[in-house]
Amino acid sequence: MHDRGAGHADQHRRRRRPDLHGRRPMTAPAGPVRTRFCPSPTGLVHVGLLRTALFNWAHARHTGGTFVFRIEDTDAARDSEESYRHLLDCLRWLGLDWDEGPEVGGPHGPYRQSERYDVYREVAAKLLASGHAYESFSTNEEVDARRRAAGQDTKLGYDNHDRSLTDAQKAAFRAEGRDPVLRLRMPDSDLVWDDLVRGEVRFAAGSVPDFVLVRGNGAPLYPFVNPVDDALMGITDVLRGEDLLPSTPRQLALYAALTDIGVAQGTPRFGHLPYVTGEGSKKLSKRDPTSNVDVYRERGFLPEGLVNYLALLGWSIAEDRDVFSTAELVEAFDVTRVSANPARFDVKKAEAINATHLRALPVEEFLAAVTPYLASAGLVTDPPTAEQAATLEAIAPLAQERMIVLSDAVGLLGFLFTEDVEIDPAAAEKQLGAGAGEVLDAATAALHALPEWTTAAIETALKEALVEGLGRKPRQAFGPVRVAVSGRTVSPPLYESMELLGRERTLARLAAGRGIATG
RNA sequence: GCCCCCAUCGUCUAGCGGUCCAGGACGCCGCCCUUUCAAGGCGGUAGCACGGGUUCGAACCCCGUUGGGGGCACCA
């Protein structure tokens, strides 16, 4: 269905610029697209992280490729099993299924880095043996001292001082009890790539020092294990956050070395996705309440609604359209059309998009989705009684178009499932002031002896009594009644609500409202 | 300090040299509909950061400035 093959040639039409000088050291792997999402299981799941997952997933699905999920749990101090579980749960909730990864398996496992140390050790040994990497004994203090002695800023970092140590020098350091780190020898050419979202990016030769692959204690580091795993897992397209852009030249160099020793088949394409920011233009931090996906999930965002909004952060489906299904996203997604500028997460717009999806839901699906919210608020039993189910079924279509998120149902429909409403003070202030008593009295009188308790009969009786009888505008006539009955200024349509509520409870509430009314 | 990225309404974006006195969406405002609110319909508000080039022609290409962001670890 999404049989576009891996046709990237056309995707580059707008980003590729002529590159006459720098040579392009990378050859993208041939064959179908393989993308990956590789978070560390630390702390909460952040909407920006999910946007990255979404784009990788959408790119794989659009091209008929493979989406790999890998867990980067090499930091035992910060990683947690709980966070790991949560990550899987979030992806599943959003419908981002993975073809290879945890709990699914695949030919390139294991998919948790904590289970792959032997692999890294072996690759590191090959890199050392082939001369692409070397042992380095300098301490940070020694590097800084040399920089200062040369009149340079210590921020420049390691100075490639240990590149050609003799065996005797190494032995001497070892004799001092030093454990060497393993560093990659950086090439002396410019490091250039054609970024899928930004076009050509270039780092000048010599601007990136030889970096550490493996610590003195033997622990492999992220800049090493990440490309190694990508290479071993056959990843062709790396879509990741803009924050990783400055580490790309190092990865390019690593890939060249890995390709040379037969570990990699080439260098993947890179696409650096713009930041998702919060208020102001600060980077969305995990502490920012708008960043936590759980908040949206608990409020009752629909997975499709959130996916739709997340996709809008840096991408657009068409000039005059921004509501679409996940299937439509997959059909249309094109990484090279992702915008390079940072996008602010706008809760209001996210809500508007979600509300549109909510309204578009078939009533049965809406009912199924909303019931758990009412149950956990204690308004209905789980499962609902026959009577509750009947009420729900009647009110669902009327409630649906008045809600933004599923949890809105608790406030909107609560009055139907309790004996006494709690009247919202602001609503009382607005509608139960001067003149409300007269309205409530007239409504009570009209409804008290109504022969038939139906929506139509209630409507006729109330209009007669309030609009014609009291000569009030509908606006003034029904406001107090609505607040007395539902407790709020916003509710499902009034007559239907009253019918569902029943005569007894309706009259009781009019009386209670009368007690509060000041005039 | 050095390196890199980014720059269209308040916000997210469309724009790929002429079809743009810049289109859509959210928000906001107004009107209509109406049984309050919402939804829906209609209308309005508001933007190419600045300066130089290139070109017959620039939101779009180039350079610079300014502004914003990020990175410079034996974290990920």
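Residue numbering restarts at 1 for every chain, and letters A, B, ... go by the order of the sequence lines.
Classification of A/Asp230 and A/Arg70 as a salt-bridged pair holds, one side-chain N sitting under 4.0 Å from a carboxylate O. Taking 4.0 Å as the cut-off between side-chain N and carboxylate O, A/Asp159 and A/Arg147 do not count as a salt-bridged pair. Between A/Asp210 and A/Arg163 a salt bridge is recorded (basic side-chain N to carboxylate O distance below 4.0 Å). Under 4.0 Å is where a charged nitrogen must lie from a carboxylate oxygen, and between A/Glu142 and A/Arg178 at least one such pair does.
Residue contacts shown for A/Gly216 include a base, since a base heavy atom lies under 4.0 Å away. Within the nucleic acid shown, A/Arg359 comes within 4.0 Å of sugar-phosphate atoms alone, with no base atom in reach, counting heavy atoms only. Using a 4.0 Å heavy-atom criterion, one finds that A/Val212 contacts the sugar-phosphate atoms exclusively. Within 4.0 Å of A/Tyr222, counting heavy atoms only, lies at least one base atom of the nucleic acid. The residue A/Lys463 sits close only to the backbone: its heavy atoms come under 4.0 Å of sugar-phosphate atoms, none of a base. Using a 4.0 Å heavy-atom criterion, one finds that A/Ser207 contacts no nucleic acid atom at all. Counting any heavy atom pair closer than 4.0 Å across all strands shown, A/Glu72 reaches sugar-phosphate atoms only and no base atom. At a threshold of 4.0 angstrom between heavy atoms, the contacts of A/Glu496 include nucleobase atoms, whether or not backbone atoms are also involved. Among the protein residues, A/Leu245 comes within range of the sugar-phosphate backbone only, with heavy atoms under 4.0 Å from sugar or phosphate atoms but none that close to a base. Note on A/Ser491: a base of the nucleic acid sits closer than 4.0 angstrom, heavy atoms only.
Taking the six-membered ring for Trp, A/Phe211 and A/Phe224 have ring centres at least 6.0 Å apart. In this structure, A/Phe345 has its ring center under 6.0 Å from that of A/Tyr296.
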Tabulate below the donor-acceptor pairs under 3.5 Å that side-chain atoms of residues 469-479 of chain A make, not counting sequence neighbours, or state none.
| unit_1 | atom_1 | unit_2 | atom_2 | d |
| --- | --- | --- | --- | --- |
| A/Arg472 | NH2 | A/Gly435 | O | 3.2 |
| A/Arg472 | NH2 | A/Glu438 | OE1 | 3.1 |

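Taking atom NE2 of residue A/His272 and atom P of nucleotide B/rC4, one finds them 15 Å apart after rounding to whole Å. Nucleotide B/rU36 holds its C1' atom 15 Å from the NZ atom of A/Lys473, rounded to whole Å. What separates CZ of A/Phe345 from C1' of B/rG27 is a distance of 15 Å, to the nearest Å. At whole-Å resolution of the value, CD in A/Gln476 and C1' in B/rU34 are 14 Å apart. The distance between atom OH of A/Tyr275 and atom C1' of B/rA7, rounded to the nearest whole Å, is 17 Å. Between A/Asp153 atom CG and B/rC3 atom C1' there is a gap of 12 Å when expressed in whole angstrom units. Rounded to an integer number of Å, the gap from A/Leu398 CG to B/rA38 P is 17 Å. Here the P atom of nucleotide B/rG71 and the CG atom of A/Leu156 are 18 Å apart, to the nearest Å.
Figure legend: A/Arg51 and A/Phe55 shown as a cation-pi pair, the cationic atom lying under 6.0 angstrom from the six-membered ring centre and within 45 degrees of its axis. Relative to the ring axis of A/Phe415, A/Arg509 does not place its NZ or CZ within 45° and under 6.0 Å from the centre.
Taking the C1' atoms as reference points, B/rU8 lies 12 Å from B/rA46, given to the whole Å. One P atom belongs to B/rC12, the other to B/rG27, and the distance between them is 15 Å to the nearest Å. Comparing the same atom, C1', in B/rU13 and in B/rG70 gives a spacing of 22 Å after rounding to whole Å. For the P atoms, the distance linking B/rG10 with B/rA22 amounts to 15 Å, nearest Å. Nucleotides B/rG30 and B/rC16 place their P atoms 36 Å apart, quoted to the nearest Å. Using C1' as the reference atom, B/rA59 and B/rC48 are 5 Å apart when rounded to the nearest Å. Using atom C1' as the reference point in both B/rG23 and B/rA76, the two lie 42 Å apart (nearest Å). With both ends at atom P, the span from B/rC9 to B/rC60 equals 14 Å, rounded to whole Å.
Checking A/Thr248 against A/Arg240 by side-chain atom types alone, a donor-acceptor pair falls below 3.5 Å.
At a cut-off of 3.5 angstrom, the base of B/rU35 holds no donor-acceptor pair with the side chain of A/Arg475. You won't find any donor-acceptor pair under 3.5 Å spanning the side chain of A/Arg198 and the base of B/rC5, going by distance alone.
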| message | Using a 4.0 Å heavy-atom cut-off to protein, can you give one letter per nucleotide of nucleotides 19-26 of chain B, 5' to 3': B if the base is in contact, S if only the sugar-phosphate is, - if neither? | response | ----BSBS

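Base pairing of B/rA25: its partner is B/rU11, meeting the Watson-Crick or G-U wobble criterion (both donor-acceptor distances under 3.5 Å). Across all strands shown, the partner of B/rG67 is B/rC6, judged by Watson-Crick or G-U wobble contacts whose two distances both fall under 3.5 Å. When both pairing distances are held under 3.5 Å, B/rC61 makes a Watson-Crick or G-U pair with B/rG53. Within the shown strands, B/rG41 is the pairing partner of B/rC31 under the Watson-Crick or G-U definition, both distances less than 3.5 Å. The partner of B/rC72 is B/rG1, by the rule that a Watson-Crick or G-U pair needs both atom distances under 3.5 Å.
Among the nucleotides B/rU35, B/rC75, B/rU13, the one closest to any side-chain atom of A/Phe478 is B/rU35. For A/Val201, counting side-chain heavy atoms from C-beta on, the closest listed nucleotide (B/rC5, B/rC75, B/rG70) is B/rC5. Minimum atom distance to the side chain of A/Arg402 is reached by B/rU36, of the listed B/rU36, B/rG70, B/rG1. Among the nucleotides B/rC12, B/rA76, B/rG71, the one closest to any side-chain atom of A/Arg78 is B/rA76.
Look at A/Arg215 and you'll find a side-chain N or O under 4.0 angstrom from OP1 or OP2 of B/rC75. A close approach under 4.0 Å does occur between a side-chain nitrogen or oxygen of A/Arg337 and OP1 or OP2 of B/rG15. Listed pair A/Asn341 / B/rG68 fails the phosphate criterion, with no side-chain N or O lying under 4.0 Å from OP1 or OP2.
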| Can you list the steps and then say if A/Asp162 with A/Arg183 is a salt bridge (Lys or Arg N to Asp or Glu O under 4.0 Å)? | CA-CA 9 Å; A/Asp162 301 343; A/Arg183 289 186 186 270; 5.6 Å; no

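In terms of position on RNA chain B, the residue among A/Leu312 and A/Thr455 whose nearest nucleotide sits closer to the 5' end is A/Leu312. RNA chain B is contacted by both A/Gly314 and A/Phe203; A/Phe203 maps to the nucleotide lying nearer its 5′ end (nearest heavy atom per residue).
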